[in-house]
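Below you'll find the structure, written out as structure tokens, and then a few comments.
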2 protein chains.
Amino acid sequence: MITVALLEKYGGIRKNYKSDDFIFKENSLALLYFQIISGEVKMNNYNEEGKEFIQGIFYENQCFGEPPLFIEQVYPANAVAVTDTELIVITKNQLLDMLQNHSDISLKFIKNLSQRLYYKSVMAAEISSQDPEHRILRLIDYSIKQLNFKKETAGFHIHFTRQQIADLTGLRVETVIRAIKSLEKKGDLKIINRKVYR
Amino acid sequence: MITVALLEKYGGIRKNYKSDDFIFKENSLALLYFQIISGEVKMNNYNEEGKEFIQGIFYENQCFGEPPLFIEQVYPANAVAVTDTELIVITKNQLLDMLQNHSDISLKFIKNLSQRLYYKSVMAAEISSQDPEHRILRLIDYSIKQLNFKKETAGFHIHFTRQQIADLTGLRVETVIRAIKSLEKKGDLKIINRKVYR
DNA sequence: CATATTTTATGACTTAAATCATAAAACGAA
DNA sequence: TTCGTTTTATGATTTAAGTCATAAAATATG
């Protein structure tokens, strides 16, 4: 999103997290802007029964957790480091200061938020009313478009675990496993020693 | 969002729609910025079986359909007038032109998009993994906070039909009807001659 | 390298929501 | 005021996904 150099100019400091560390927790007030230098971060919720729902997974150069920052709200979800992760962090005031001086960055935020809202819209319609197979295919296709999936000879390698797919679509692991098998049979995707390709 | 005066200064024109008219359709390219002068607009999808999913309902002074506009995408959903509606419309270029000259409006968009992303995040977690009653209560509570529901003596009047609640939560009418009754029994809301209060 | 943990896999069973059918209220329009 | 439509309502039945149990394969870790 924003160059590290510019973030540092506005007071950005680097922070390191180990895999599974919480970066922030649901219901805490948003006060900081986070951007990933290296690593992988997921935002998630747990419902009453302890089932995880993954709101999104974020990678290098991406930011996360800004919506509540802009609207003075508490976080609607946790942020957790999926791998060891280095972030650069600035305060809300530093960010607003930067936005005032760099109108191009405002537009970047507008585009970034639009992109994510678009994803949520597509997935909302899917999750609410489609069968599991459809839901999984849409998630996969969207992820290929948006995330850094590598094209291999067998197709795009979907580097999600079945559990992650379940948590991203609101399904159960077993359902995902069965649905993926069924999708393979129909020729919609390939499974080569347990890895999923599309 | 933006004052009508300013929109007109940048070439805004008024357009009128009758109840149930389409304003735009899913999969068409986003080229215009729409803001409601009066009336009510819903954005929706239909899945393969024809079941409707309502992405959101918008009222006076609200805009809708900008995310695909900012990211050069097709609309992820239809926009339909729920009542007779008057809109003010400007082109994408006119809007970008305006944003360049009015940095405060950029921030307004950032906040607006953030707000909507926040809603989608909350509802995504709900829809994916909660039981119908929980889902409905969250929708109602969110709608009270965000939309113009009037507080009456019995509480906030939820002016959604059971069908609309079903379409907003991804449930079926019958399920919503039964869940609302159950919620009334538990004292979570009131039903006074078929109207729902919270 | 051996052991522990995670991920994928599968069958049997349960359950909650969808589906289907039917109808009574409420509302709108002619 | 009547007729047609929409909304709310309720019972019976079906079904697809969840749940539970169990295990093999793969991967990580000391």
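Computed from heavy atoms alone, side chains included, the values below leave out hydrogens, waters and symmetry copies.
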B:Arg162 side chain: which of D:dA9, C:dT8, C:dA17 is closest?
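Of the options given, the side chain of B:Arg162 lies nearest D:dA9.
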Just compare D:dC20, C:dA17, D:dA9 and give me whichever is closest to any side-chain atom of B:Arg194.
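The answer is D:dA9.
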Whole-Å gap separating [atom2] ([N]) and [atom1] ([X]):
X	N	atom1	atom2	answer
B:Phe160	D:dT7	CZ	P	14 Å
B:His134	C:dA17	NE2	P	13 Å
B:Ile180	C:dA17	CD1	C1'	16 Å
A:Ile191	D:dA26	CD1	C1'	15 Å
B:Ile177	C:dT22	CD1	P	17 Å
B:Lys185	D:dT10	NZ	C1'	12 Å
A:Gln164	C:dT6	CD	P	14 Å
A:Glu174	C:dT10	CD	P	13 Å

More than 12 foreign heavy atoms under 6.0 Å from NZ of A:Lys92: is that the case here?
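Enclosed: over 12 neighbouring heavy atoms sit under 6.0 Å from NZ of A:Lys92.
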Taking only side-chain N and O atoms of B:Lys181, does any of them lie within less than 4.0 angstrom of OP1 or OP2 on D:dT10?
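For D:dT10, OP1 or OP2 has a side-chain N or O of B:Lys181 closer than 4.0 Å.
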Compare side-chain N and O positions of A:Thr175 against OP1 and OP2 of D:dA17 and report whether any pair is under 4.0 Å apart.
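Negative; the distance criterion is not met.
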Salt-bridge test for [X] and [Y]: reply yes if a basic N is under 4.0 Å from a carboxylate O, no otherwise.
X	Y	result
B:Glu86	B:Arg14	yes
B:Glu174	B:Arg162	no
B:Lys51	B:Asp167	yes

Pair of N/O donor and acceptor under 3.5 Å linking C:dT19 base with B:Arg178 side chain
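Donor-acceptor pair under 3.5 Å: yes.
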Tell whether B:Arg172 reaches the base of D:dT8 with its side chain through a donor-acceptor pair below 3.5 angstrom.
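In this structure, the two groups form no donor-acceptor pair.
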Can you confirm whether or not the ring centre of A:Tyr119 sits under 6.0 Å from the ring centre of A:Tyr142?
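Centroid separation for A:Tyr119 and A:Tyr142: below 6.0 Å.
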Look at the aromatic rings of B:Phe109 and B:Tyr33 and report parallel, tilted or perpendicular, splitting at 30° and 60°.
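Because their plane-to-plane angle is over 60°, the rings of B:Phe109 and B:Tyr33 count as perpendicular.
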Filter on side chain to side chain donor-acceptor pair (under 3.5 Å), then keep only pairs touching residues 74-83 of chain B, sequence neighbours left out; what's left?
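Every pair satisfying side chain to side chain donor-acceptor pair (under 3.5 Å) with a residue in residues 74-83 of chain B: B:Asn44-B:Asn78.
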How sharply is the helix from C:dC1-D:dG30 to C:dA30-D:dT1 bent, taking the axes over five pairs at either end and rounding to 10 degrees?
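Here the helix ends are tilted 60° relative to one another.
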Starting from the 5' end of DNA chain D, give me the residue, A:Lys195 or A:Val176, whose nearest nucleotide shows up first.
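Looking at DNA chain D, the more 5' nearest nucleotide goes with A:Val176.
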